[in-house]
Amino acid sequence: QVRLVESGGGLVQPGGSLRLSCAASGFIFSFNAMGWYRQAQGKQRELVAHITGGGRTNYADSVKGRFTISRDNAKNTVYLQMNSLKPEDTAVYYCNLIVSQGSWGQGTQVTVSS
């Protein structure tokens with residue numbers, strides 16, 4: 001049973017930074033590409049960053065150069081370092097497997113506002 005627990009969100013001013021964490025269990029973590037997704041109010045969930053089991057990364061254009069996804073396979077944890085945050089980054093952020101997303105964790109709210 002896949003379990004995903006996101007944490008680290010909060011309220012920040014534009015230009016600020018946050019680091020999100022995702023604790024994962026219930027699957028062979030190191031063999032699976034992982035992603036960070038976000039869903040803003042009234043919008044569809046979108047993939048913003050992903051990382052392969054070997055550490056190769058890719059990003060949505062909207063966050064490229066500002067966000068960094070990383071993983072610690074020994075801790076079964078995925079991170080998302082978010083810098084230079086913008087109001088349009090406001091959303092609930094979720095982690096999940098890239099291969100399939102059968103269920104979702106509770107997410108963590110990121111609010112960027114003055």
Side-chain angles (χ1 to χ4, degrees):
Q1 183 158 326
V2 172
R3 302 210 78 173
L4 303 159
V5 182
E6 301 92 345
S7 62
L11 173 64
V12 295
Q13 293 187 339
S17 297
L18 284 172
R19 192 188 197 202
L20 309 184
S21 297
C22 169
S25 62
F27 60 99
I28 305 175
F29 181 81
S30 62
F31 291 172
N32 277 275
M34 299 294 295
W36 280 99
Y37 304 74
R38 68 186 181 190
Q39 186 167 30
Q41 281 285 350
K43 297 186 177 180
Q44 283 194 283
R45 197 171 350 235
E46 62 174 339
L47 178 67
V48 299
H50 78 260
I51 184 167
T52 69
R56 286 179 266 106
T57 62
N58 205 358
Y59 301 90
D61 288 343
S62 59
V63 308
K64 201 168 296 181
R66 301 187 297 119
F67 291 10
T68 303
I69 188 171
S70 61
R71 67 193 296 156
D72 186 338
N73 287 340
K75 295 181 178 179
N76 281 19
T77 301
V78 188
Y79 305 96
L80 187 67
Q81 178 67 46
M82 305 186 297
N83 299 326
S84 302
L85 283 161
K86 304 175 179 180
E88 50 262 46
D89 296 319
T90 295
V92 179
Y93 284 72
Y94 304 86
C95 64
N96 219 320
L97 294 84
I98 294 297
V99 65
S100 64
Q101 303 89 48
S103 63
W104 299 87
Q106 84 283 0
T108 186
Q109 176 73 49
V110 172
T111 302
V112 185
S113 176
S114 298

Between atom CG of L4 and atom CG of L97, what is the distance when rounded to the nearest 0.5 Å?
-> 6.5 Å
Distance from Q109 atom CD to T90 atom OG1, nearest 0.5 Å?
-> 7.0 Å
On a heavy-atom basis, the closest approach of T77 and S21 is CG2-CB, 4.4 Å
The criterion is side-chain hydrogen bond (donor to acceptor under 3.5 Å, both in side chains); which residues satisfy it with [X], sequence neighbours excluded?
| X | value |
| --- | --- |
| E46 | R38 |
| R66 | D89 |
| S70 | none |

Assess whether atom NZ of K75 is packed by more than 12 heavy atoms of other residues, nucleotides or ligands within 6.0 Å.
-> no
Pairs involving residues 2-30, ordered by first then second residue, that meet salt bridge (charged side-chain N to carboxylate O under 4.0 Å, His left out) (sequence neighbours left out) = none
State whether the side chain of N96 and the backbone N or O of G35 hold a donor-acceptor pair below 3.5 Å, judged by distance alone.
-> no
Path from [X] to [Y] over hydrophobic side-chain contacts below 4.5 Å:
| X | Y | answer |
| --- | --- | --- |
| I51 | F27 | yes |
| V92 | I69 | no |
| M34 | V2 | yes |
| V99 | V48 | yes |

Within-4.5 Å side-chain heavy-atom neighbours: I98 and L47 | yes
Of all residues at least two apart in sequence or in a different chain, which pass the side-chain contact (heavy atoms from CB on, under 4.5 Å) check with [X]?
| X | value |
| --- | --- |
| N76 | F29 |
| R45 | Y37, Q39, Y94, W104 |
| T52 | R56 |
| A40 | K43, A91 |

Could you name each residue pair satisfying disulfide bond (SG atoms under 2.5 Å apart) that touches residues 19-49, not counting sequence neighbours?
-> C22-C95
When Ile, Leu, Val, Met, Phe, Trp and Tyr are grouped by side-chain heavy atoms lying under 4.5 Å apart, directly or through other members, which residues fall in the same group as I28?
-> F31
Among pairs that include at least one residue of residues 38-60, which meet ring-ring contact (aromatic ring centres under 6.0 Å, His included), considering only residues two or more places apart or in two chains?
-> none
What donor-acceptor contacts under 3.5 angstrom involve side-chain atoms of residues 79-88, with partners at least two apart or in another chain?
{"residue": "Q81", "atom": "NE2", "partner": "N83", "partner atom": "OD1", "Å": "3.0"}
{"residue": "N83", "atom": "OD1", "partner": "S17", "partner atom": "OG", "Å": "2.9"}

